[in-house]
Amino acid sequence: MDYREYKLTFSERWRCLGSALLLGGAIAYLFYDSWFGLLLVPMLFGIIRKRQISFGIEKIQEQLAKEFLDALRSVSSSLLAGFSMENSWKEAQKEIERAYGKDAFLYRELDSMNHSVGFNMPLEQLLADFAARSGNADIASFSEVFAFAKRSGGNFVTIIEGTTGHMRARYETEREIQVLVASRKLEQKVMNLMPMMILAYLKVTSSGFMDVLYGNVAGVLFMSVCLLAYGGAMVLAERILDIRM
């Protein structure tokens with residue numbers, strides 16, 4: 001499995017389509033007062049679909065990093081208890097199964113790796129393959145250091161504890177950042193709705209006031225510029241609040 005990719009489920013695709021239709025209908029009514037505004041639906045569907053895929057990849061990456069961190073803790077404990085490196089990863093598989101179940105991403109990876117090790121495949125090669133598919137910088141870094149230590153006889157416990165400490169610090173820092181910006185993200189979502197709500201209010205209470213903007217080329221161009229500025233402001237606000245380690 002390539003963890004850098006995400007395939008939408010059937011229900012997610014339909015939700016994306018429903019959201020595109022709903023948003024396209026609102027834009028058609030509020031910005032153009034014409035069914036021609038629904039021509040934007042395919043573009044909106046593509047944007048919403050791309051956002052949903054990015055959100056899915058982000059969730060997979062978070063879960064994978066969390067599971068890998070727990071697996072490293074288990075491996076470190078097993079090594080300190082006197083287990084061999086290969087048996088330590090088998091113990092990590094059991095720990096992941098107890099904590100997350102057999103459907104966990106890392107359980108499937110460890111199950112495949114441990115089976116391959118049984119057929120005399122090098123553990124460092126299997127870790128390198130997993131790291132390449134994970135899309136996680138910490139896992140990739142650990143794989144490289146692990147392979148070097150395997151060749152030169154390094155202290156695996158120290159290496160694993162160092163990687164675990166680095167990943168834990170990153171995870172905790174990102175959580176703190178998300179807590180700090182949570183209220184700002186809520187404010188952003190409210191502000192994103194305000195222009196649509198203002199237009200809806202004017203359409204309902206003072207429809208004649210908006211007539212000059214509909215049914216003519218100048219009005220269509222003006223509303224199109226406003227729509228682009230509206231969309232650009234939403235993208236800019238989202239990028240400002242998207243703080244990552």
Side-chain angles (χ1 to χ4, degrees), residues 4-66 135 169-216 218-245:
R4 298 164 297 180
E5 299 177 355
Y6 181 77
K7 291 184 179 180
L8 296 178
T9 63
F10 181 78
S11 60
E12 286 175 333
R13 287 195 293 268
W14 275 105
R15 282 200 298 270
C16 290
L17 179 59
S19 299
L21 287 171
L22 182 63
L23 182 58
I27 291 174
Y29 175 69
L30 296 175
F31 282 83
Y32 299 108
D33 196 30
S34 170
W35 290 108
F36 289 108
L38 291 176
L39 294 174
L40 294 173
V41 168
M43 182 184 70
L44 293 172
F45 174 73
I47 294 173
I48 294 172
R49 178 178 177 274
K50 184 177 180 180
R51 285 173 56 85
Q52 184 64 38
I53 291 174
S54 298
F55 179 75
I57 293 174
E58 182 180 330
K59 289 299 181 183
I60 288 176
Q61 290 289 330
E62 289 178 359
Q63 184 63 28
L64 185 65
K66 184 179 179 183
R170 178 193 290 269
Y171 178 72
E172 291 176 353
T173 303
E174 285 193 349
R175 286 189 62 184
E176 290 175 2
I177 291 172
Q178 295 309 312
V179 169
L180 290 173
V181 302
S183 60
R184 295 293 179 264
K185 287 186 176 181
L186 179 60
E187 292 174 5
Q188 176 211 343
K189 291 179 181 179
V190 173
M191 293 304 297
N192 286 345
L193 292 175
M194 288 304 295
M196 300 281 276
M197 294 174 66
I198 292 171
L199 283 176
Y201 175 79
L202 291 174
K203 285 278 289 184
V204 172
T205 61
S206 305
S207 58
F209 182 75
M210 303 288 292
D211 287 345
V212 68
L213 296 174
Y214 303 132
N216 59 83
V220 170
L221 290 175
F222 178 78
M223 294 302 281
S224 296
V225 171
C226 291
L227 182 59
L228 288 173
Y230 180 27
M234 291 174 63
V235 172
L236 180 60
E238 190 170 279
R239 289 185 176 179
I240 291 173
L241 292 175
D242 186 22
I243 304 173
R244 300 289 174 184
M245 284 289 293

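All heavy atoms count here, side chains included; hydrogens, waters and symmetry mates do not. Quick note: residue numbers are just sequence positions, from 1.
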Count the heavy atoms belonging to other residues, nucleotides or ligands that lie under 6.0 Å from CZ of Arg184, then report whether that count exceeds 12. no
Interatomic distance, [X] atom [atom1] to [Y] atom [atom2] [nearest 0.5 angstrom]:
X      : Y      : atom1 : atom2 : answer
Ile27  : Ser34  : CD1   : OG    : 13.5 Å
Leu21  : Phe45  : CG    : CZ    : 9.5 Å
Ile60  : Gln63  : CD1   : CD    : 10.0 Å
Leu236 : Gln188 : CG    : CD    : 9.5 Å

Report yes if the side chains of [X] and [Y] come closer than 4.5 Å at any heavy-atom pair, otherwise no.
X      : Y      : value
Tyr201 : Leu199 : no
Lys189 : Leu193 : no
Glu62  : Glu58  : yes
Ile57  : Ile53  : yes

Do you know the tightest heavy-atom contact between [X] and [Y]?
X      : Y      : answer
Met196 : Ala26  : CE-CB, 3.6 Å
Leu38  : Ala28  : N-CB, 3.9 Å
Met223 : Leu213 : SD-CD1, 3.8 Å

One pair to check against side chain to side chain contact (heavy atoms under 4.5 Å, CB included): Tyr6 and Leu8. What are the steps and the verdict? CA-CA 6 Å; Tyr6 181 77; Leu8 296 178; 3.7 Å; yes
Is a side-chain donor or acceptor of Asp33 paired with a backbone partner of Phe31 at a separation under 3.5 angstrom? no
Got a sec, which pairs hit side-chain hydrogen bond (donor to acceptor under 3.5 Å, both in side chains) with one end in residues 35-55, sequence neighbours left out? Arg51-Glu238
Going by side-chain hydrogen bond (donor to acceptor under 3.5 Å, both in side chains), name the pairs with one or both residues in residues 22-32, residues two or more places apart or in two chains. Tyr32-Ser224
Checking side chain to side chain contact (heavy atoms under 4.5 Å, CB included) for the pair Ile47/Met43: CA distance, chi angles, key distance, verdict? CA-CA 6 Å; Ile47 294 173; Met43 182 184 70; 4.2 Å; yes
Apply the test side chain to side chain contact (heavy atoms under 4.5 Å, CB included) to residues Tyr214 and Lys203: give CA-CA distance (whole Å), side-chain angles for both, the deciding distance (0.1 Å), then the verdict. CA-CA 12 Å; Tyr214 303 132; Lys203 285 278 289 184; 3.4 Å; yes
